[in-house]
Chemist: 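Before anything else, here's the structure in question.
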Number of protein chains: 2
Amino acid sequence: MSLRHALLGLLSEGPASGYDLLKLFDESLANVWPATQSQLYGELGRLADAGLIVVLSEGARGRKEYAVTDTGRAELRHWLLEVKPVPVRRYDMLLRVFFFGQISEDDAIAYLGEQRQEAAEEADRLAELNETIAPYADNFAVYGRLALEWGLRSSRMYQEWAEWAINEVKAHDRTANPDSCKPD
Amino acid sequence: MSLRHALLGLLSEGPASGYDLLKLFDESLANVWPATQSQLYGELGRLADAGLIVVLSEGARGRKEYAVTDTGRAELRHWLLEVKPVPVRRYDMLLRVFFFGQISEDDAIAYLGEQRQEAAEEADRLAELNETIAPYADNFAVYGRLALEWGLRSSRMYQEWAEWAINEVKAHDRTANPDSCKPD
DNA sequence: TTTCGACATGTCACTGATGGAACGTCAGAG
DNA sequence: CTCTGACGTTCCATCAGTGACATGTCGAAA
């Protein structure tokens with residue numbers, strides 16, 4: 001149900017059409033809650049049916065401009081203040097780690113190395129993005145910054161974990177095969 | 001498609017029934033890839049149709065014991081080595097952060113405080129769990145430990161971020177309302 | 001004048017996940 | 001002997017998300 005509230009949130013900054021919202025999603029929320037066009041238009045319809053938003057005006061090319069109603073604003077507040085965020089539960093990447101026993105230590109290390117690399121690149125990308133944001137723009141940018149910082153810290157943590165894990169696997173390798181002596 | 005490979009992974013440690021697998025899921029993979037019973041049995045059927053697993057034997061109470069085939073093992077290896085893990089993309093919690101402009105600074109701080117608290121508890125829980133695992137058991141436990149460490153680092157990062165974010169919001173509050181002077 | 005890219009919405013088939021109902025079996029405790 | 005709890009499977013409705021397709025408008029440039 002989060003898409004619903006994402007739309008209410010965006011609309012509560014001002015009226016917009018489905019098309020506008022789609023762009024807003026891609027610009028700002030893409031990294032925390034991506035949405036496709038079909039989902040978005042569908043949800044807008046349902047939101048309107050439920051009376052949480054209304055069509056303000058219809059413009060050229062069938063453009064419909066939506067605005068939040070009081071009910072919608074109340075629903076958004078309720079979600080923000082009283083609904084517990086659902087934690088992330090699925091990690092494709094960690095799932096693979098459980099099955100490292102099925103591949104060689106070298107392959108496992110290579111896998112972790114790639115993850116390390118990608119996390120590092122992501123961290124760089126976000127750090128750069130962080131530079132480009134005006135220091136104190138609108139609320140949206142101010143709070144978006146918090147999310148960005150989360151991404152940054154998350155990538156760095158990921159990177160450090162991968163480094164640590166590589167050493168763990170190497171240590172395990174040595175324990176399992178004490179005879180072999182590979183160069184580091 | 002990850003459930004598929006999770007099942008192949010579990011089965012490659014030895015034959016098991018759907019019921020066994022469900023328990024294994026709950027014990028070991030629940031934190032990285034939860035699955036419900038209905039999904040699991042359905043997937044087992046499809047896996048068998050595709051020839052990636054076979055029914056080894058049928059026991060009492062309609063119990064079917066499955067085992068991986070060579071094709072299945074190959075598929076697992078392929079997934080482990082060549083398929084890029086899909087990164088996590090949706091964060092209900094961060095989505096809310098974007099809409100902090102809709103609530104008061106105090107409410108935002110309270111929200112972040114709760115997150116901080118929960119992350120701390122999760123970190124404690126995982127640290128404790130880490131103690132209970134035998135230092136060098138089977139492969140599965142050794143590599144599960146890597147995942148556990150990820151969770152630990154992740155929770156700690158989350159906690160620290162929330163602390164940092166609370167201060168950010170306070171700073172923003174003071175910038176926006178320089179007259180007011182609240183106790184810390 | 002045609003054509004192209006941006007604007008704009010709607011719909012469909014498919015997949016993965018959730019949650020629950022329904023059904024039946026077997027061993028052991030009381 | 002009966003009941004209970006663990007064992008064990010199957011099916012179903014529903015929902016969110018994905019990706020593709022269909023349809024059409026409008027302004028500007030070639």
Side-chain angles (χ1 to χ4, degrees), chain A residues 1-8 10-11 15-27 29-50 53-66 79 83-92 95, chain B residues 1-8 10-11 15-27 29-50 53 55-66 79 83 85-92 95:
Chain A
M1 294 286 288
S2 286
L3 173 61
R4 195 146 235 189
H5 301 104
L7 287 174
L8 288 173
L10 287 178
L11 279 174
S17 70
Y19 193 81
D20 295 338
L21 290 166
L22 192 59
K23 276 190 300 177
L24 279 174
F25 251 95
D26 287 345
E27 284 163 19
L29 303 183
N31 295 304
V32 303
W33 205 274
T36 59
Q37 169 261 76
S38 42
Q39 235 193 316
L40 199 149
Y41 281 111
E43 196 58 44
L44 281 175
R46 263 167 271 139
L47 240 15
D49 287 346
I53 61 176
V54 280
V55 176
L56 253 197
S57 65
E58 306 207 12
R61 283 174 272 206
R63 175 190 169 92
K64 289 184 206 162
E65 196 153 61
Y66 291 97
W79 176 75
V83 181
K84 281 219 174 183
V86 290
V88 175
R89 296 156 60 86
R90 286 194 165 82
Y91 303 90
D92 194 2
L95 184 57
Chain B
M1 295 286 289
S2 285
L3 173 62
R4 183 143 243 197
H5 300 104
L7 287 174
L8 288 174
L10 287 177
L11 279 174
S17 69
Y19 194 83
D20 295 338
L21 289 166
L22 193 59
K23 276 190 300 176
L24 278 175
F25 252 94
D26 287 345
E27 284 163 19
L29 303 183
N31 295 304
V32 303
W33 204 274
T36 58
Q37 164 261 79
S38 39
Q39 235 194 317
L40 199 148
Y41 280 110
E43 195 58 44
L44 281 175
R46 263 167 271 139
L47 239 16
D49 287 346
I53 60 177
V55 178
L56 252 198
S57 64
E58 308 206 11
R61 283 173 272 207
R63 175 190 169 94
K64 289 183 203 162
E65 194 153 63
Y66 291 97
W79 176 74
V83 180
V86 290
V88 175
R89 296 155 61 87
R90 287 193 165 83
Y91 303 91
D92 194 3
L95 184 57

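Quick caveat: nothing in here was measured; it's all calculated off a predicted structure.
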Chemist: What are the two closest non-hydrogen atoms of B:Phe25 and B:Ala6, and how far apart are they?
Modeler: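 Nearest pair, atom of B:Phe25 first, then B:Ala6: CZ-CB, 3.6 Å.
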Chemist: By nearest heavy atom, map B:Leu22 and A:Glu43 onto DNA chain D; which one lands nearer the 5' end?
Modeler: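 Nearest nucleotide further toward 5': that of B:Leu22.
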Chemist: Any side-chain heavy atom of A:Leu11 sitting closer than 4.5 Å to one from A:Leu47?
Modeler: no
Chemist: Are any of the side-chain heavy atoms of B:Ile53 and B:Leu7 separated by less than 4.5 Å?
Modeler: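 No, every pair of side-chain atoms sits at 4.5 Å or beyond.
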Chemist: Under 3.5 Å, sequence neighbours excluded: what are the donor-acceptor pairs made by side chains of residues 30-40 of chain B?
Modeler:
none

Chemist: Let me know, please, whether B:Gly18 or A:Met1 comes out on the 5' side of the other along DNA chain D by nearest nucleotide.
Modeler: B:Gly18
Chemist: Given side chain to side chain contact (heavy atoms under 4.5 Å, CB included), test A:Leu95 with B:Leu29 step by step and report yes or no.
Modeler: CA-CA 7 Å; A:Leu95 184 57; B:Leu29 303 183; 3.9 Å; yes
Chemist: Applying a 4.0 Å non-hydrogen cut-off, can you work out what B:Arg90 is touching in the nucleic acid: base, sugar-phosphate, or nothing?
Modeler: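 Contact class for B:Arg90: sugar-phosphate only.
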Chemist: Scan nucleotides 21-26 of chain C nucleotide by nucleotide, 5' to 3', and note B when protein non-hydrogen atoms come under 4.0 Å of the base, S if they reach only the sugar-phosphate, - if neither.
Modeler: B---BB
Chemist: How is B:Ser38 classified with respect to the nucleic acid when contacts are heavy atoms under 4.0 Å: base, sugar-phosphate, or nothing?
Modeler: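 Base contact.
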Chemist: Do B:Ser2 and B:Trp79 have side-chain heavy atoms sitting under 4.5 Å apart?
Modeler: yes
Chemist: Could you point out which residue of A:Lys23, A:Glu65, A:Arg61, A:Arg63 forms a side-chain hydrogen bond (donor to acceptor under 3.5 Å, both in side chains) with A:Ser17?
Modeler: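 Passing option: A:Arg63.
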Chemist: How about B:Leu56 and B:Tyr66: do any of their side-chain heavy atoms sit closer than 4.5 Å?
Modeler: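 Counting from C-beta outward, B:Leu56 and B:Tyr66 never come under 4.5 Å.
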Chemist: So, is A:Tyr41 close to the C:dG10 phosphate, meaning a side-chain N or O under 4.0 Å from OP1 or OP2?
Modeler: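 Result: no.
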Chemist: Work out which heavy atom in A:Leu3 is nearest to a heavy atom in A:Glu43; give both atom names and the distance.
Modeler: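 Looks like CD2-CB, 3.9 Å.
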Chemist: In whole Å, I'd like the distance from the CD atom of A:Gln39 to the C1' atom of C:dC14.
Modeler: 14 Å
Chemist: Measure the distance from CG on B:Leu40 to P on C:dG19 and round it to the nearest whole Å.
Modeler: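 To the nearest whole Å, that distance equals 15 Å.
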Chemist: A:Arg63 has an atom CZ; how far is it from atom P of C:dA6, in whole Å?
Modeler: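 For the pair A:Arg63 CZ and C:dA6 P, the rounded distance is 17 Å.
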Chemist: Can you give the first and last nucleotides of DNA chain D, 5' to 3', that have an atom under 4.0 Å from a heavy atom of chain B?
Modeler: D:dA6 to D:dT18
